[in-house]
Amino acid sequence: MSVVSTITVTVPATTANLGPGFDCIGAALKLYNEFKFTRLEEGKLTINVTGAEAERVQTDESNLLYQAFVKFYQYIKQTPPTVKIEIKLGVPLARGLGSSATAIVGGLVAANQLEGATLSQSQVMELAIAMEGHPDNVVPALLGGCRLAATSGAAWEICDLPWHQDIVPVIAIPNFELSTSEARGVLPTEVSRADAIFNTAHLGLLLRGLETGNGQWLKTALQDKLHQPYRKALIPGYDALNIAAVSAGAYGMVISGAGPTLLALADKLHSEAVETAMLAAWQEEGITAEVRSLSLDTQGAKSF
Ligand SMILES: Nc1ncnc2c1ncn2[C@@H]1O[C@H](COP(=O)(O)OP(=O)(O)O)[C@@H](O)[C@H]1O
Ligand SMILES: N[C@@H](CCOP(=O)(O)O)C(=O)O
């Protein structure tokens, strides 16, 4: 492929962890950020952002999308070109829906496409994981679907996880932010053997529950002892939404990524009732939220 002057990349939101899969599984959702890069022959970096909360995104060299773009050129040992960047935000910022992953993947994929696909998809993926520090949001953002990532030394084994068509992700996005670094800051550095065993068993059950749609398995599987017990205090209304979602027929509820968005899994018959119940529960806490059912994105980052 040849070097090009303009590229547009769309990258899906993600919901990472899915309860017991802390830092190793995540799914891409049909909700997107769009990034357009245009090479400039002269002038300086310009970044234009549109969409909800656009004013919260940096428009200088500290912009995460641009940092990922530069990282690509550092990797191939070249000077980055001057570019104009246009960002259309569809993924809410700092809500646990992988906005940072979209920026990292978007910057790397755009640079790679501008340079004629110099790097393989695996190389781009490894750069993205190294930048984000964990694989569970950048991997589905890049590849789509529900993905498990396991490391083997420096290399990564990525597994595409079957997701039964009747399982609907219902996401409840509150009107407040929670940065991933703050939500990681409350986690203990060591866990007990009992908690490690608990999560190992529940993750195994989750994978089979997602594949088969077995509601009984999902109900048990969506429990976690590694991150949610510590993080839920950062999310007012967590217990009330959990009770509301399950009472309305959800299999269970978890924190999406590092939060504060909450994710319920339900079957198609109950997803609407679950949406209504979660919204009402947050309203009772005095919190404005947006609640919607989404489907899985299966394509990941796309460029054109
Ligand atoms: N589209 C974007 N362009 C540039 N930077 C972004 C974009 N989206 C997110 N970011 C950066 O990532 C930060 C949010 O990252 P993080 O706390 O990990 O939340 P999230 O759970 O949404 O990934 C934002 O405050 C911003 O600095
Ligand atoms: N495993 C990470 C996932 C963070 O995802 P994000 O969508 O909040 O960026 C964590 O739980 O910290």
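When a ligand or atom number is given, it counts from 1 through the structure's own listing order. Residues take their numbers from the sequence shown, with the count starting at 1.
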Report yes or no: does [X] have a heavy atom closer than 4.0 Å to ligand 1?
X	result
E182	no
A258	no
A94	yes
F35	yes

Exercise. Just by distance, with hydrogens left out, do Q299 and K302 show a side-chain donor and acceptor under 3.5 Å apart?
Worked result: yes
Exercise. With a 3.5 Å cut-off and no angle check, do the side chains of N199 and D224 form a donor-acceptor pair?
Worked result: yes
Please list the nearest protein heavy atom to [atom] with its residue and the distance rounded to 0.1 Å.
atom	value
atom 7 (O) of ligand 2	G98 N, 2.8 Å
atom 6 (C) of ligand 1	A103 CB, 3.9 Å
atom 24 (C) of ligand 1	L93 CD2, 4.4 Å
atom 23 (O) of ligand 1	S100 OG, 2.7 Å
atom 17 (O) of ligand 1	T180 N, 3.0 Å
atom 8 (O) of ligand 2	A258 N, 2.9 Å
atom 21 (O) of ligand 1	G96 N, 3.1 Å
atom 26 (C) of ligand 1	Q58 OE1, 4.1 Å
atom 11 (C) of ligand 1	L64 CD2, 3.9 Å
atom 22 (O) of ligand 1	S99 OG, 2.6 Å
atom 12 (O) of ligand 2	R184 NH1, 2.6 Å

Problem set entry | For ligand 2, the portion of L97 having any non-hydrogen atom under 4.0 Å away | backbone
Exercise. If you measure from each non-hydrogen atom of R231 to ligand 2, which part falls under 4.0 Å: side chain, backbone, both or neither?
Worked result: side chain
With respect to [X], determine whether any N or O atom, backbone or side chain, lies less than 3.5 Å from an N or O atom of ligand 2.
X	answer
S256	no
T180	yes
N137	yes
G259	no

Problem set entry | Under-4.0 Å salt bridge between R292 and E290 | yes
Exercise. Is the shortest side-chain N to carboxylate O distance from R208 to E211 below 4.0 Å?
Worked result: yes
Problem set entry | Any T220 side-chain heavy atom under 4.5 Å of H202 side chain | yes
At a 4.0 Å threshold, what atoms of ligand 1 neighbour a non-hydrogen atom of [X]?
X	result
R95	22 (O)
S179	17 (O)
V57	3 (N), 4 (C)

Exercise. Counting only heavy atoms on the protein side, is anything nearer than 4.0 Å to atom 1 (N) of ligand 1?
Worked result: yes
Using a 4.0 Å cutoff against the non-hydrogen atoms of [X], which atoms of ligand 2 qualify?
X	result
D23	1 (N), 2 (C), 10 (C)
G257	5 (O), 8 (O), 11 (O)
A16	3 (C)

Check contact between [X] and ligand 2, using heavy atoms of the residue and a distance below 4.0 angstrom.
X	result
H134	yes
G96	yes
R95	no

For this session: For E53, look at atom CD and say whether over 12 heavy atoms of other residues, nucleotides or ligands are found less than 6.0 Å away.
Result: yes
Problem set entry | More than 12 heavy atoms of other groups within 6.0 Å of E157 CD | no
Problem set entry | Pairing residues for H134 by the ring pair (Phe, Tyr, Trp, His ring centres under 6.0 Å) criterion, not counting sequence neighbours | none
Exercise. Is there a donor-acceptor pair closer than 3.5 Å between any side-chain N or O of D60 and the backbone N or O of S62?
Worked result: yes
Exercise. So between N63, T102, I85, whose heavy atom ends up nearest atom 4 (C) of ligand 1?
Worked result: N63
Exercise. Quick one: is the NZ or CZ of K232 closer than 6.0 Å to the six-membered ring centre of Y238, and within 45° of its axis?
Worked result: no
For this session: For ligand 1, indicate whether the residue L89 contacts it via side chain, backbone, both or neither (heavy-atom separation under 4.0 Å).
Result: side chain
Problem set entry | Where V254 and L222 come nearest, the two heavy atoms and their spacing | CG1-O, 3.7 Å
